[in-house]
Trainee: 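Here it is, the structure in full.
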There are 2 protein chains.
Amino acid sequence: MSYKSDIEIAREANKKPIQEIGAKLGIPSDHLLPYGHDKAKVSQDYITSVQGNKNGKLVLVTAINPTPAGEGKTTTTVGLGDGLNRIGKKATVCIREASLGPNFGMKGGAAGGGYAQVVPMEDMNLHFTGDFHAITSAHSLLSAMIDNHIYWGNEEDIDVRRVVWRRVVDMNDRALRQINVSLGGVANGFPREGGFDITVASEVMAILCLSLNLKDLEKRLGDMIVAYRRDRTPVFCRDIKAQGAMTVLLKDAMQPNLVQTLENNPAFVHGGPFANIAHGCNSVIATTTALKVSDYVVTEAGFGADLGAEKFMNIKCRKAGLAPDCVVLVATVRAMKMNGGVAKADLGAENVDAVKAGCPNLGRHIENIKSFGVPVVVAINHFVTDTEAEVEAVKQYVASHGAEAVLSRHWELGSEGSEPLARKVVEVAEAGNANFAPLYADEMPLFQKMETIAKRIYRADAVLADKKIRDQLKAWEEQGYGHLPICMAKTQYSFTTDPSVRGAPTGHSVPVREVRLSAGAGFIVAVCGEIMTMPGLPSRPAAENIHLNDGGQIEGLF
Amino acid sequence: MSYKSDIEIAREANKKPIQEIGAKLGIPSDHLLPYGHDKAKVSQDYITSVQGNKNGKLVLVTAINPTPAGEGKTTTTVGLGDGLNRIGKKATVCIREASLGPNFGMKGGAAGGGYAQVVPMEDMNLHFTGDFHAITSAHSLLSAMIDNHIYWGNEEDIDVRRVVWRRVVDMNDRALRQINVSLGGVANGFPREGGFDITVASEVMAILCLSLNLKDLEKRLGDMIVAYRRDRTPVFCRDIKAQGAMTVLLKDAMQPNLVQTLENNPAFVHGGPFANIAHGCNSVIATTTALKVSDYVVTEAGFGADLGAEKFMNIKCRKAGLAPDCVVLVATVRAMKMNGGVAKADLGAENVDAVKAGCPNLGRHIENIKSFGVPVVVAINHFVTDTEAEVEAVKQYVASHGAEAVLSRHWELGSEGSEPLARKVVEVAEAGNANFAPLYADEMPLFQKMETIAKRIYRADAVLADKKIRDQLKAWEEQGYGHLPICMAKTQYSFTTDPSVRGAPTGHSVPVREVRLSAGAGFIVAVCGEIMTMPGLPSRPAAENIHLNDGGQIEGLF
């Protein structure tokens, strides 16, 4: 039996006009700002008008630690959304927008896969509705205004050696990682070191995704620290007077984007912050708006549950006052086998023992999610090579850990395949057993917050940090930043900081190499390992083969 | 009597849904890709479907050499479009898109003024439909791929000292004019000098505006020269294999944008290349599409007629096979007075002698335009301070030069005020006396082309260029670029290369400092004087005051 590729399925989609999709949520068409016939932004006026509505149920989809076998977190998110609609629940999917640059390096990421996809796929992997371009513009405006401030007399006495605001571009361009700017003489300013990150790493992106409204956005932008003076005091974005114009540039980008699944169900695709130096979730405004117009909102978080779900709970939910009713933890038989020591080439063969040996990684995540007070359902994202015995092994393991695993065949069958998962999620969510609480209180000292995450989620024995880092944390506490949550930046492949350690390790330590303050976004980043904020292109970039065919269709992007 | 500001008038606009505007041109709504309710792109399929239609009449609006008094070229373009519609002609306005970056330096440029504006004005000064962002992305992809090529072995043997492809950003950022890239060690590539221009200066912008269709676009992108090898042979974009992916990034940007005037008449706003190092006109595809669906197309060219109209005729019309039926030359009484030696502060007082003294600049442009075989109508763009005697002086001068001047009051009265101008333009265009020919043949040697423009348009005695430049032109001729037209980059304030010389000078010489080959766009740039391709921000950028007010309206941008 042969299967169609994602792009083949996406191109056969029977898309409905976006106004019809909006109508399913009760959004009148004059409150949908169309971008073509299949994308729209929801107007700010409409968002304001529904604030009195009751919230629907919030379901987070997360996963085990990723392996090269693939887990299908987005695919399951989309499949669950369709499954919930199938059984009569008005459900909306909320996922992140894709970054443009990386698509030209490796083949682009689809939004889901198989018969559980969001469309239009091409647009979502290209300019979409321009949100990321708006973020790049707003970021670039501040960059220009900082050097312009220095050029015209430097009233704020910025130390040019301590400009912490880097530039951004939405492209994988390693040549820009470290540069010298303002060369060429007096007319071009004061030479200094600088560099570019990719747009998704911008603090503006994180802020857009955490802001409750445009006023909040403007305040947070103003709160960003862009440099330090020669007396070491911080220079804020508001000192440069850029936050108002940046907000103007971002006003449309703040409105959530409505698209549809292959089954014509609504999906908000909005925002896409890095999942290491930022929190890795779609925008708060998309999630909160979806909750006001839906019975169920199905959303996802970046990487595995140790990073993604932890940040979703401790950063996004804390800041936006959200409380998940159920968590769906995605696992695959193949990933269990890899965790159990099977090489990627051998995943096709049945190996129940390896499945069993790999299950403890899953078990650890189940325990962790429960520790937030939220019930968990395990979704076994079905691959056609999975055997019945292997699936059964996972189910038994999960049952022994006080949860239930449901086989879900949305990739192959769409909502017909995810209906059992949807029914289980409704059962769990409507039982009302969720009692969500973040892992730590705002008042806890910053270093202790890091220890709490490391010990309770990663099961490490200790957090290692030298005096300089501890002193920095103390200084921030004295400056009034002690209430902020921690954003851990570590490898997604392991509970430890060593990407090669699979399973459910204990007894390790978590070395914090560096800490960064994102004063506008409102978190402190603990960098544990190498973090790349500007990717490069491979030796044969995908871009070399991307082109329009004679029929005007895009080739090579997927 | 007090007058409303442009933005006040624009905000009071009674906009119609963009589908209704398209319907005026016979464009079905499913061939309009909406961006919000008041902007749309015309589908490529529709453009293809109307290729068999007869062309409407083409009217170019140009102006005398600009003075600080302001001429109102765009305002007259819009006013004439409305005037033509008023008298029963199906007329479409075609103008350029605005660049984002400069709006944050000085107050943003409106699209027209008074009661002759195109709306939505805010969007047009911000992201609009994302075309410029797409150009920035396509340009940035090639930039990244060039350094990536060098990084991964440099198969093409690019000389890192001779990478001529600069990066771009749509922001005024002087710190990026000259930079060193790929610093920081082996993982970041081979250090070299580089720099950024503003997006409108990108050759990609010029190409988008000159391409006939997507195939042509891809070919031209591939033809761009990005670097030279150590053996001095050119490295093309196609050697880097970027042109296909760049075309994919530009496929939506190639579709013209439809908006409306305050009087709900159609306007295509599409493309915006620099008017010095490029040709400064809206896209060929917008103009040619408009001609297929309109009785009249009113378009404009950058700067004064010596640069803008000359390039429109010798570059855009030549390459796209267009032939204007009439040229409208915009002048103002105030500008005549400034050309006649009156200071800006004294423009309010009647001064008929100064008007007469300033008229020779106008006369020179009339002669020049006639030399292209196209009839000319002078539009006196009325200011409320103009006296009857002053207006009469201009009219008499123009009549003595074999043309007719019409007073036009569109700024104050909309189409009611421009109706006389519209009637005159129809009379002239429908007389069928136009017999357009470019100023020089493709076969003429490159240096002689420069001399032809300098002598016949600027009335200079000679073009000065050192041996290095003449040798470069010869080399390009040998390489097969001898058929290209010349794109003059000189000051817009004078017929000479000295911006302070007003009026109608003769006997000067035109020194060519540098020549550049835009092999994809298809012209050779002759740089005569200082050309700034990356502006800076002023000491108090407009951005400092731009913000959203409590009603969600943009303040400070206009």
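Residue numbering restarts at 1 for every chain, and letters A, B, ... go by the order of the sequence lines. Hydrogens, waters and symmetry mates play no part in the numbers below; they use all other heavy atoms, side chains included.
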Trainee: Does B:His127 reach the side chain of A:Leu249, with side-chain heavy atoms less than 4.5 Å apart?
Mentor: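 Yes; the side chains approach each other to less than 4.5 Å.
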Trainee: Would you give the length of the straight line joining atom CG of A:Asp170 to atom OG1 of B:Thr136, rounded to the nearest 0.5 angstrom?
Mentor: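 Here the rounded value is 11.5 Å.
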Trainee: Tell me, with the steps shown, if B:Lys251 and A:Ile554 meet side-chain contact (heavy atoms from CB on, under 4.5 Å).
Mentor: CA-CA 10 Å; B:Lys251 76 178 171 54; A:Ile554 299 168; 3.5 Å; yes
Trainee: Which atoms of B:Asn545 come close to chain A, meaning under 4.5 Å heavy atom to heavy atom: side chain ones, backbone ones, both, or neither?
Mentor: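 Neither part, no heavy atoms under 4.5 Å.
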Trainee: Could you walk me through whether A:Arg167 and B:Leu176 pass the side-chain contact (heavy atoms from CB on, under 4.5 Å) test, one step at a time?
Mentor: CA-CA 10 Å; A:Arg167 286 175 167 81; B:Leu176 295 177; 3.7 Å; yes
Trainee: Should A:Lys215 and B:Asp550 be marked as a side-chain contact (heavy atoms from CB on, under 4.5 Å) after you check the CA-CA gap, both sets of side-chain angles, and the distance that decides it?
Mentor: CA-CA 9 Å; A:Lys215 276 277 165 217; B:Asp550 289 337; 3.5 Å; yes
Trainee: With salt bridge (Lys or Arg N to Asp or Glu O under 4.0 Å) as the criterion, how do B:Glu155 and A:Arg540 come out once you've worked through the C-alpha distance, each side chain's angles and the decisive distance to 0.1 Å?
Mentor: CA-CA 12 Å; B:Glu155 269 175 40; A:Arg540 290 286 167 233; 2.7 Å; yes
Trainee: What part of B:Ser29 lies closer than 4.5 angstrom to a heavy atom of chain A: side chain, backbone, both or neither?
Mentor: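 Contact with chain A: backbone only.
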Trainee: What part of B:Ala242 is in contact with chain A, defined as an atom under 4.5 angstrom from a non-hydrogen atom: side chain, backbone, both or neither?
Mentor: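 Looking at B:Ala242, nothing touches chain A.
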Trainee: A:Lys241, A:Gln178, A:Met534: which one forms the most heavy-atom pairs within less than 4.5 Å of chain B?
Mentor: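 If we count pairs closer than 4.5 Å to chain B, A:Gln178 comes out on top.
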Trainee: Do you know the tightest heavy-atom contact between A:Ala543 and B:Ala245?
Mentor: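 So the minimum-distance heavy-atom pair works out to O-CB, 3.5 Å.
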Trainee: Any chance you could lay out the side-chain contact (heavy atoms from CB on, under 4.5 Å) test for B:Leu100 and A:Ser137, step after step, and finish with the verdict?
Mentor: CA-CA 9 Å; B:Leu100 184 66; A:Ser137 291; 3.5 Å; yes
Trainee: Measure distances from B:Leu537 to the heavy atoms of chain A and classify the residue's part below 4.5 Å as side chain, backbone, both or neither.
Mentor: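 Contact with chain A: backbone and side chain both.
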Trainee: Measure B:Leu126 against the heavy atoms of chain A and call it side chain, backbone, both or neither at under 4.5 Å.
Mentor: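 Contact with chain A involves the side chain of B:Leu126 alone.
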Trainee: Please flag which part of B:Pro538 lies under 4.5 Å from any non-hydrogen atom of chain A: side chain, backbone, both or neither.
Mentor: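 For B:Pro538, the contact with chain A is made by the backbone alone.
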Trainee: Heavy-atom cut-off 4.5 Å, strictly under: side chain, backbone, both or neither for B:Ile150 against chain A?
Mentor: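 For B:Ile150, no heavy atom lies under 4.5 Å from chain A.
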Trainee: Give a yes or no on whether the backbone of A:Val248 and the side-chain of B:His547 come within a donor-acceptor separation of less than 3.5 Å.
Mentor: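 Judged by distance alone, no pair lies under 3.5 Å.
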Trainee: Using non-hydrogen atoms and a 4.5 Å limit, figure out which bit of A:Met145 sits close to chain B: side chain, backbone, both or neither.
Mentor: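 Contact with chain B is through both the backbone and side chain of A:Met145.
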Trainee: With chain A, which of B:Ala175, B:Ala144, B:Ser140, B:Ser182 has the greatest number of heavy-atom pairs at distances under 4.5 Å?
Mentor: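 The candidate making the most pairs under 4.5 Å is B:Ala175.
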Trainee: Among A:Gly153, A:Gly195, A:Gly244, which residue forms the greatest number of heavy-atom pairs with chain B at distances under 4.5 Å?
Mentor: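 Winner by heavy-atom pair count: A:Gly244.
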Trainee: As an exercise: rank A:Gly130, A:Pro191, A:Ala187, A:Gly552 by heavy-atom pairs under 4.5 Å with chain B and give me the winner.
Mentor: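 Looking at each of A:Gly130, A:Pro191, A:Ala187, A:Gly552 in turn, A:Ala187 comes out on top.
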Trainee: So what's closer than 4.5 Å to chain A heavy atoms on B:Phe190: side chain, backbone, both or neither?
Mentor: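 Neither; nothing under 4.5 Å.
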Trainee: Suppose the criterion is salt bridge (Lys or Arg N to Asp or Glu O under 4.0 Å): which pairs have a residue in residues 174-193 of chain B, not counting sequence neighbours?
Mentor: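 For residues 174-193 of chain B, and leaving out neighbouring residues, the salt bridge (Lys or Arg N to Asp or Glu O under 4.0 Å) pairs sorted by first residue read B:Asp147-B:Arg192.
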Trainee: Would the distance check show the side chain of B:Asn180 and the main-chain N or O of A:Val181 forming a donor-acceptor pair, the cut-off being under 3.5 Å?
Mentor: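 A pair under 3.5 Å: no.
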Trainee: Considering only heavy atoms and a distance below 4.5 Å, find which of B:Gly189, B:Pro17, B:Ala134 pairs most often with chain A.
Mentor: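 Maximum pair count with chain A is reached by B:Ala134.
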Trainee: Give me the contact list for residues 35-46 of chain A versus chain B, heavy atoms only, anything under 4.5 Å, ordered by residue number.
Mentor: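 Hits under 4.5 Å: A:Tyr35, A:Gly36, A:His37.
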Trainee: Measure B:Asn148 against the heavy atoms of chain A and call it side chain, backbone, both or neither at under 4.5 Å.
Mentor: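 Interface part for B:Asn148: both.
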Trainee: Need one label for B:Met246: side chain, backbone, both or neither, based on atoms under 4.5 Å from any heavy atom in chain A.
Mentor: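 No part of B:Met246 comes within 4.5 Å of chain A.
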Trainee: Based on non-hydrogen pairs under 4.5 Å, which of B:Leu214, B:Asn188, B:Thr247 is most in contact with chain A?
Mentor: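 So the answer, after comparing B:Leu214, B:Asn188, B:Thr247, is B:Asn188.
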Trainee: Just give me the residue among A:Leu548, A:Val169, A:Leu141, A:Leu33 that pairs up with chain B most often, heavy atom to heavy atom, under 4.5 Å.
Mentor: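 The residue among A:Leu548, A:Val169, A:Leu141, A:Leu33 with the greatest pair count is A:Leu141.
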